[in-house]
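As structure tokens, the structure follows; a few thoughts come after it.
Predicted model only: the values in this text are computed from it and were never measured. Chain naming here is simple, since letters A, B, ... match the order of the sequence lines and numbering starts at 1 in each.
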2 protein chains.
Amino acid sequence: MLSQSAPAVTEKRPAPLRTTSVPEAVYEALRESIVSIAEPPGAVFTETAIASRYGVARPTAKAALERLVAEGLLARRAHHSAQVPELSRHDIDDLYGNRAILEEEAMRHLALEGVVPVAALARHRELLENVRSDDRAALARADIDFHRALVLGQSSPRLAKMHGLLMGEIELCIGQVQSHQLIRPTDVAEQHQGILDAIAAGDAALAGRLTREHIFTARDRLLSKFDADHTVDRPEAP
Amino acid sequence: MLSQSAPAVTEKRPAPLRTTSVPEAVYEALRESIVSIAEPPGAVFTETAIASRYGVARPTAKAALERLVAEGLLARRAHHSAQVPELSRHDIDDLYGNRAILEEEAMRHLALEGVVPVAALARHRELLENVRSDDRAALARADIDFHRALVLGQSSPRLAKMHGLLMGEIELCIGQVQSHQLIRPTDVAEQHQGILDAIAAGDAALAGRLTREHIFTARDRLLSKFDADHTVDRPEAP
DNA sequence: TGCGACAACATTGTTAGACAAGTATGCATC
DNA sequence: GATGCATACTTGTCTAACAATGTTGTCGCA
């Protein structure tokens with residue numbers, strides 16, 4: 001019941017065949033170093049520095065930077081170097097609020113179609129296998145990949161596009177607020193299982209509600225950590 | 001009650017001061033010619049052609065094209081010229097379904113804040129003044145500008161960003177399916193007034209419901225026109 | 001006539017280098 | 001100590017060129 005889509009379907013799309021152009025590769029590398037906070041908030045990226053770091057021409061570096069700026073992973077004013085933005089409390093709230101809206105809708109779609117994307121199942125299994133691992137960052141990534149796979153599996157390309165836009169900043173957010181130190185992987189896995197079951201059962205309302213609650217739980221965890229981190233440094237806060 | 005924000009607020013943001021760079025100008029010009037279907041679906045845009053048409057360098061034209069591709073206003077495969085995409089029935093459905101979700105949420109935000117953005121009021125007045133005009137295209141634009149102003153007026157920047165992404169394709173959609181020939185401007189104005197009233201009254205549920213219905217009405221009008229246009233040419237359709 | 005290989009062309013991908021324009025920084029002056 | 005200027009840095013834009021890829025048309029051949 002979990003996969004009404006026949007195996008033939010996965011056969012018909014043999015491979016997305018991700019061909020990688022040079023700007024694409026630079027973009028990926030930069031993106032990775034940003035969301036992993038190898039480059040901390042405030043780090044500056046000049047076009048020439050990126051160009052020489054990766055051995056490409058400046059226009060190529062420029063293209064990669066502009067793409068990151070468009071996604072919100074970098075901020076820059078005219079004639080200034082790009083910088084990794086520091087997300088505020090309001091940003092976290094905004095990010096997760098919109099994420100909840102989008103994913104709730106995506107899960108409702110999936111439930112109405114009654115199809116659980118095979119890619120999401122694979123990601124779920126990955127997370128289950130690593131649930132006893134101590135690599136919290138890897139678990140956070142598995143969590144994100146699971147959600148991405150689910151949204152990618154529903155039928156609205158625009159919904160997936162908008163979700164992808166948000167998830168970039170969400171990853172940055174998770175990196176900056178290292179809240180996955182506190183999270184219990186078993187809880188996450190359980191909630192994921194609940195969502196999958198609701199989708200498979202075709203219960204759109206339940207799938208939507210569970211998704212919303214799951215995301216709000218994550219949001220609240222991040223906000224708590226954020227507040228804790230920011231009241232220590234500022235004893236004069238009310 | 002309509003504007004709880006003091007005049008001082010508009011004073012604090014003296015002007016967005018829209019400075020226009022060269023690629024920006026090319027982008028705007030191309031975008032306009034696309035959504036106004038001066039360039040019909042299928043029209044090809046080569047980088048060199050754009051560059052010589054506007055008297056700019058090819059990299060400049062390239063940047064403008066890439067931006068349009070990212071927004072879905074142009075489609076292109078690697079090593080091929082960009083083309084204006086032809087939206088399918090499914091695209092229209094997808095576009096308006098997602099638009100409804102986003103705008104419903106935006107109106108709920110506004111209603112909860114109890115603030116009607118002054119820009120939206122101005123747009124509404126514009127539409128009312130031209131309600132007897134025969135310039136249907138201008139009315140369609142006023143309609144879009146009204147919705148844009150409302151969403152821009154609420155407090156979530158990401159919601160506005162995602163909405164902007166959709167609205168580009170929505171404009172293209174409206175251009176390709178010339179359905180505003182059939183629309184009654186007074187109906188549109190009335191529905192807008194209803195939404196504004198609900199927001200001012202702080203009734204989030206009502207504002208959301210009216211918005212959703214308003215958008216679905218528009219969608220159904222487009223779909224009807226689309227079907228009519230496409231069954232004429234294909235008598236063998238079921 | 002029909003079909004396949006090959007060659008020429010068109011288009012994008014990427015680079016290099018250069019100059020202009022804008023911004024910030026530091027220094028000298030008052 | 002505040003102001004104004006000069007300098008350095010960074011981005012904005014252009015010209016030119018070559019490489020890689022996809023398309024098209026032609027030619028020869030069966």
For [X] against [Y], the heavy-atom pair lying closest together:
| X | Y | answer |
| --- | --- | --- |
| B/Ala43 | B/Glu39 | CB-OE1, 3.6 Å |
| A/Asp94 | B/Arg158 | OD2-CD, 2.9 Å |
| A/Val26 | A/Ala64 | CG1-CB, 3.7 Å |
| A/Pro40 | A/Ala38 | CD-O, 3.5 Å |
| B/Ser81 | B/Phe45 | CB-O, 3.8 Å |

5'-most contact on DNA chain C: A/Thr60 or B/Glu47, nearest heavy atom basis?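 Upstream on the strand: B/Glu47.
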Pairwise 5' ranking along DNA chain C for A/Gly55 and B/His79, keeping only the more 5' one: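 Closer to the 5' end of DNA chain C: B/His79.
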I want to confirm an ordering. Mapping B/His80 and A/Ser81 to their closest nucleotides on DNA chain D, which one lands closer to the 5' end?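 Result: A/Ser81.
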What pairs of nitrogen or oxygen atoms, one from the protein and one from nucleotides 5-8 of chain D, lie under 3.5 Å apart?
none

Please work out if A/Arg77 contacts a base, only the sugar-phosphate, or nothing of the nucleic acid, heavy-atom cut-off 4.0 Å.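 Sugar-phosphate only.
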So what does B/Pro23 hit on the nucleic acid, given a heavy-atom distance under 4.0 Å: a base, only sugar-phosphate, or nothing?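 Here B/Pro23 touches the backbone only, sparing every base.
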At less than 4.0 Å, is any side-chain N or O atom of A/Lys62 found next to OP1 or OP2 of D/dG12? Yes or no.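 Yes, such a contact exists.
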Between [N] atom [atom2] and [X] atom [atom1], what is the distance in whole Å?
| X | N | atom1 | atom2 | answer |
| --- | --- | --- | --- | --- |
| B/Glu24 | D/dT11 | CD | P | 19 Å |
| A/Ile50 | D/dT10 | CD1 | P | 12 Å |
| A/Arg58 | D/dT11 | CZ | P | 7 Å |

For DNA chain C, which nucleotides open and close the run of contacts to chain B, 5' to 3', at under 4.0 angstrom from a non-hydrogen atom?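 Range of nucleotides touched by chain B: C/dT11 to C/dT14.
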Side-chain donor-acceptor pair present, [X], [Y], cut-off under 3.5 Å:
| X | Y | value |
| --- | --- | --- |
| A/His109 | A/Glu113 | no |
| B/Asp227 | B/Ser224 | no |
| B/His192 | B/His147 | yes |
| B/Tyr27 | B/Glu71 | yes |

